[in-house]
Amino acid sequence: MTLQTEIPREKLPSLATRALHHKSFIAGFLVTLLVAGMAALSFLWTPYDVTRLVISDKLLAPSAAHWFGTDHFGRDVLSMIMVGARNSIAVALVAVGIGMGIGVPLGCWAAARGGLVDEVLMRLNDLVFAFPALLSAIMITAIFGPGAINAIIAIGIFNIPVFARVARAGALAIWPREYILAARAAGKGKALITLEHILPNIATLLLVQGTIQFALGILAEASLSYVGLGAQPPMPSWGRMLFEAQTRMAQAPWMAIFPGMAIVITVLALNLLGDGVADILDPKSRRRR
């Protein structure tokens, strides 16, 4: 007996049909694609140079020349949001990669070995999980100084126990299955069974969790930048844009409104995307949104 580890070709049209009729997935996918496209475009072009200070244009309201207005240094807010998007995406993406790359093997190893190894790894996970990304960033910054790299490390460390728990829970549910017992009876080792049977069968679970952690990573990056521990000037960041806008809310509310909307819309889109992926890949799901 074997559990299906890849999607048969005949089921691909069905999955595509479900995706096209899943409103949450379509909405999340389109908005996420728009944000990613905006970040990619910022490498080649932005309406204005985000490093150029034009004091004569400071605090201009949204207009045809500056769609989202300008900040207290005369920088174009739309251009800063575009560049800030690539910073947020890069930090969150690498941090999720760190968490998944370390946490998944640890979780699978704990599930495979069990006993003392499982107990020690899970207690270490609890210890790491007790330190939020912000607190970890403060400790790392105290040693190495603020910056995007340290923010990535802090968020990545926080993601490790999350993926370890998810991988372990998924693996523990699969190890007692009959086809795993058959594989062990055939002489396969635990490492080979994990690679051939466990990981393919928890891939969907990890994909959904990765989408969620990616959204949380963007929030964490914005929070770290807000308190000055993320990307440093002159690199724009959505969180630091909010920090700089907090004392000018009455005079220039657009300085806070647009970067705040960028964070909210991006995180919401990623959550909708993850929820949609979970529904589409789950054969037991009958939800339509």
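One is the number of the first residue; the rest follow in order along the sequence. Quick caveat: nothing in here was measured; it's all calculated off a predicted structure.
- Taking CG of Asn150 as the reference point, atom CD1 of Ile155 lies at 11.0 Å (rounded to 0.5 Å).
- Residues that satisfy the side-chain hydrogen bond (donor to acceptor under 3.5 Å, both in side chains) test with Gln213, not counting sequence neighbours, are Asn159, Gln209.
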Leu270/Val31 under side chain to side chain contact (heavy atoms under 4.5 Å, CB included): CA gap, chis, key distance, verdict: CA-CA 8 Å; Leu270 287 168; Val31 176; over 6 Å; no

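- Every residue two or more places apart in sequence or in another chain that forms a salt bridge (charged side-chain N to carboxylate O under 4.0 Å, His left out) with Lys188 is listed here: Glu196.
- Applying the side-chain contact (heavy atoms from CB on, under 4.5 Å) test to Leu207 and every residue at least two apart in sequence or in another chain returns Val277, Leu281.
- Residue pairs that meet the ring pair (Phe, Tyr, Trp, His ring centres under 6.0 Å) test with at least one member in residues 204-242, sequence neighbours left out, are Tyr226-Phe243.
- Between Pro146 and Gln232, the shortest heavy-atom contact is CB-NE2, 3.5 Å.
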Using distance only, find each side-chain donor-acceptor pair of residues 78-101 under 3.5 Å and give its atom names and separation, not counting sequence neighbours.
{"unit_1": "Ser79", "atom_1": "OG", "unit_2": "Tyr48", "atom_2": "N", "d": "3.0"}
{"unit_1": "Ser79", "atom_1": "OG", "unit_2": "Tyr48", "atom_2": "O", "d": "3.4"}
{"unit_1": "Ser79", "atom_1": "OG", "unit_2": "Asp76", "atom_2": "OD2", "d": "2.8"}
{"unit_1": "Arg86", "atom_1": "NH1", "unit_2": "Ser42", "atom_2": "O", "d": "3.1"}
{"unit_1": "Arg86", "atom_1": "NH1", "unit_2": "Ser42", "atom_2": "OG", "d": "3.3"}
{"unit_1": "Asn87", "atom_1": "ND2", "unit_2": "Glu221", "atom_2": "OE2", "d": "2.9"}
{"unit_1": "Ser88", "atom_1": "OG", "unit_2": "Gly84", "atom_2": "O", "d": "3.2"}
{"unit_1": "Ser88", "atom_1": "OG", "unit_2": "Glu221", "atom_2": "OE1", "d": "3.1"}

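- Between Asp279 and Ser24, the closest side-chain pair of non-hydrogen atoms is not below 4.5 Å.
- The two residues Arg168 and Ala111 have their closest heavy-atom pair at O-CB, 4.0 Å.
- Considering only residues two or more places apart in sequence or on other chains, Arg240 meets the side-chain hydrogen bond (donor to acceptor under 3.5 Å, both in side chains) condition with none of them.
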Derivation and outcome, side chain to side chain contact (heavy atoms under 4.5 Å, CB included), residues Val77 and His66: CA-CA 8 Å; Val77 173; His66 299 277; over 6 Å; no

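- Residue pairs meeting the salt bridge (Lys or Arg N to Asp or Glu O under 4.0 Å) criterion with at least one member in residues 39-61, sequence neighbours excluded, do not occur.
- Grouping the Ile, Leu, Val, Met, Phe, Trp and Tyr side chains by contacts below 4.5 angstrom, directly or via other members, places Leu195 with Ile102.
- Between Ala171 and Ile202 the shortest heavy-atom distance is N-CG2, 4.1 Å.
- The hydrophobic cluster containing Leu192 does not contain Ile198, counting ILVMFWY residues as joined when their side-chain heavy atoms lie under 4.5 angstrom apart, directly or transitively.
- The line from CD1 of Ile212 to CG of Leu273 is 10.5 Å long, rounded to the nearest 0.5 Å.
- To the nearest 0.5 angstrom, Leu106 atom CG is 7.0 Å from Asn125 atom CG.
- For the residue pair Ala231 and Ser225, the shortest heavy atom distance occurs at N-OG, 3.7 Å.
- In this structure Ser56 satisfies the side-chain contact (heavy atoms from CB on, under 4.5 Å) test together with Val54, sequence neighbours excluded.
- Not one N or O on the side chain of Asp275 forms a donor-acceptor pair closer than 3.5 Å with the backbone of Asn271.
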Contacts table for residues 247-264: side-chain donor-acceptor under 3.5 angstrom, sequence neighbours left out:
{"unit_1": "Arg248", "atom_1": "NH1", "unit_2": "Glu244", "atom_2": "O", "d": "2.9"}
{"unit_1": "Trp254", "atom_1": "NE1", "unit_2": "Leu60", "atom_2": "O", "d": "3.4"}
{"unit_1": "Trp254", "atom_1": "NE1", "unit_2": "Thr70", "atom_2": "O", "d": "3.0"}

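- Applying the side-chain contact (heavy atoms from CB on, under 4.5 Å) test to Leu53 and every residue at least two apart in sequence or in another chain returns Phe73, Arg75.
- Members clustered with Leu172: none, using a 4.5 Å side-chain heavy-atom cutoff among hydrophobic residues.
- Put simply, CD1 on Ile174 and CG on Asn201 are 4.5 Å apart, with the number rounded to the nearest 0.5 Å.
- In the hydrophobic cluster analysis, where Ile, Leu, Val, Met, Phe, Trp and Tyr join through side-chain heavy atoms closer than 4.5 angstrom, Leu34 is grouped apart from Phe29.
- Atom CD1 in Ile218 sits 12.0 Å away from atom OG in Ser223 (nearest 0.5 Å).
- Expressed to the nearest 0.5 Å, how far OG1 of Thr32 lies from CZ of Phe25 amounts to 9.5 Å.
- Transitive grouping of hydrophobic side chains (ILVMFWY, heavy atoms separated by less than 4.5 Å) brings Ile157 and Ile143 into a common cluster.
- Hydrophobic clustering (ILVMFWY, side-chain heavy atoms < 4.5 Å, transitive): Met38 and Trp45 are in one cluster.
- The stretch residues 153-178 participates, sequence neighbours left out, in these ring pair (Phe, Tyr, Trp, His ring centres under 6.0 Å) pairs: Phe129-Phe158.
- Between the side chain of His21 and the backbone N or O of Thr17 there is at least one donor-acceptor pair closer than 3.5 Å.
- The side-chain heavy atoms of Val166 and Leu205, taken from C-beta on, include a pair separated by under 4.5 Å.
- Taking each heavy atom of Gly28 and Leu272 in turn, the nearest pair found is CA-CB, 4.1 Å.
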